[in-house]
Amino acid sequence: MEQFIQQLVNGLVTGSMYALIALGYTMVYGILNLINFAHGDVLMIGAMTAMTVIKLTQTIFPDWPGWLLFCIGLLVATPVCIFLNIGIERFAYRPLRNKPRLAPLITAIGVALLLQVLAKLFFGTKNHTFPDLLPTESINILSLFNLEVFVTPTKIIALISALIVMFGLIILVEKTKMGRAMRATAENPTVAGLMGVNTNRVISFTFGLGAALAALAGLMIAANYSIVNFYMGFLPGLKAFIAAVLGGIGNIYGAMLGGILLGVIESMGAGYIGDLTGNFLGSNYQDIFAFIVLIIVLSFRPNGIMGERVGDRA
């Protein structure tokens, strides 16, 4: 029982990070039918920026608490990611908006490689240690029930923050004027434009919103694993894309469900299958579970668990 709860908690934390990144993929796809493969590398730029700002601030103000440094890093990294992603949309994707789908897809891969090369030039190829900003000692969250389930404060904050942000995103999309404009643009951008919606503004806002979520996810990943490098966005970005497809690409609820489900499946697989196989298929091979689950789900539900949600582009 304790192992099951422990793996479940670990999976929820990991899955919440996947969900935040997957939302960036699914919102852009829902509006433009475009897979922004540079999204994971935007996350990497956010983590690198936050790390640089935090270390610089620590040098100048060594007595400032860790939570304040984390907030400062997030406040700087978020606008950097937003302007970067909006710039990518404006100069890389917008000129190709009415071109065959292969053109923006290749461009997205090229932009991702460009960001990795730029990060390599500025930050080098070595791994950087992300500062420990929060207490690292694990807390037994079920001690009142005489169970041993240990979680670090960083993971608790990451999970709670992700849930709050996802709830806020639902309110934004469902209850606000911009949310209605986003849904109208996703349904049919031509008709939305005729009804007075500035579709270019909505698309830029969507890219910026996705980048803000990626910045938060990047800091969560950096804080939880304490390692930052120029390649750190590739695997989380790939898994988040799998989560978006798993839940139903273009469907924000599907992205949330797919991300959390993928994280739980990975954690359970690494724990239980690792025990059954003597760790032959344990934590060192947990990345394969994402692809196995994707193949199984898409074999029975090609549009994902909650169904693909894409508007009319005719």
Side-chain angles (χ1 to χ4, degrees), residues 7-29 35-47 81 85 105 108-109 112-113 115-116 155 158-159 161-163 165-166 210-211 213-271 273-274 281-299 301 304-306 308:
Q7 296 296 342
L8 178 63
V9 172
N10 293 339
L12 289 174
V13 174
T14 304
S16 66
M17 300 179 199
Y18 292 159
L20 287 178
I21 309 169
L23 285 167
Y25 281 110
T26 208
M27 287 189 299
V28 169
Y29 185 84
I35 302 298
N36 180 18
F37 279 118
H39 192 61
D41 295 290
V42 172
L43 173 153
M44 174 269 296
I45 295 296
C81 289
N85 219 27
L105 177 63
I109 296 173
L113 293 175
L115 293 179
Q116 288 183 22
K155 289 185 176 181
L159 179 58
S161 299
L163 293 176
V165 168
M166 285 188 281
L213 299 179
L216 177 59
L219 260 72
M220 289 181 179
I221 293 171
N224 275 284
Y225 298 104
S226 300
I227 296 295
V228 177
N229 57 48
F230 78 97
Y231 203 62
M232 66 173 289
F234 174 76
L235 195 56
L238 181 60
K239 289 184 179 180
F241 172 64
I242 292 173
V245 175
L246 182 66
I249 192 74
N251 189 324
I252 62 170
Y253 297 100
M256 296 176 189
L257 175 64
I260 292 175
L261 185 61
L262 187 62
V264 171
I265 290 172
E266 276 192 358
S267 181
M268 293 294 182
I273 297 178
L281 290 176
S283 58
N284 293 331
Y285 296 90
Q286 69 179 20
D287 296 337
I288 68 173
F289 298 124
F291 299 96
I292 292 174
V293 170
L294 181 66
I295 292 170
I296 293 173
V297 170
L298 294 186
S299 297
R301 290 189 62 86
I305 296 173
M306 300 190 69
E308 180 177 334

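Note that this is a predicted model, so its numbers are computed, not measured.
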Nearest heavy-atom neighbours spanning Ala215 and Cys81: CB-SG, 3.8 Å
Heavy-atom closest pair, residues Leu238 and Phe291: CD2-CZ, 3.7 Å
Non-neighbouring partners of Phe230 that pass ring-ring contact (aromatic ring centres under 6.0 Å, His included), sequence neighbours left out: none
Test side-chain contact (heavy atoms from CB on, under 4.5 Å) applied to Ala223 - qualifying residues, sequence neighbours left out: Phe70, Phe130, Thr154
All side-chain contact (heavy atoms from CB on, under 4.5 Å) counterparts of Ala214, not counting sequence neighbours: His39, Leu43
Pairs satisfying salt bridge (Lys or Arg N to Asp or Glu O under 4.0 Å), at least one member in residues 242-256, at least two apart: none
Reported CG-to-CD1 distance for the pair Leu257 and Ile252, which is rounded to 0.5 angstrom: 12.5 Å
Qualifying salt bridge (Lys or Arg N to Asp or Glu O under 4.0 Å) pairs, either residue in residues 7-25, two or more places apart: none
Listed partners of Ser267 passing side chain to side chain donor-acceptor pair (under 3.5 Å), at least two apart: Gln7
Residue pairs, two or more places apart or on separate chains, that pass side-chain hydrogen bond (donor to acceptor under 3.5 Å, both in side chains) and touch residues 220-235: Asn127-Asn229
Under the side-chain contact (heavy atoms from CB on, under 4.5 Å) test, residues paired with Leu261 that sit two or more places apart: Leu246, Ile265, Ile305
Qualifying salt bridge (Lys or Arg N to Asp or Glu O under 4.0 Å) pairs, either residue in residues 9-20, two or more places apart: none
For Leu298, side-chain contact (heavy atoms from CB on, under 4.5 Å) partners two or more places apart: Val245, Leu294
Of all pairs that satisfy salt bridge (Lys or Arg N to Asp or Glu O under 4.0 Å), the ones with a partner from residues 243-259, not counting sequence neighbours: none
Pairs involving residues 232-247, ordered by first then second residue, that meet side-chain hydrogen bond (donor to acceptor under 3.5 Å, both in side chains) (sequence neighbours left out): Tyr18-Lys239, Lys239-Glu266, Lys239-Asp287
Inter-residue atom distance Leu20.CG - Leu163.CG, 0.5 Å rounding: 9.0 Å
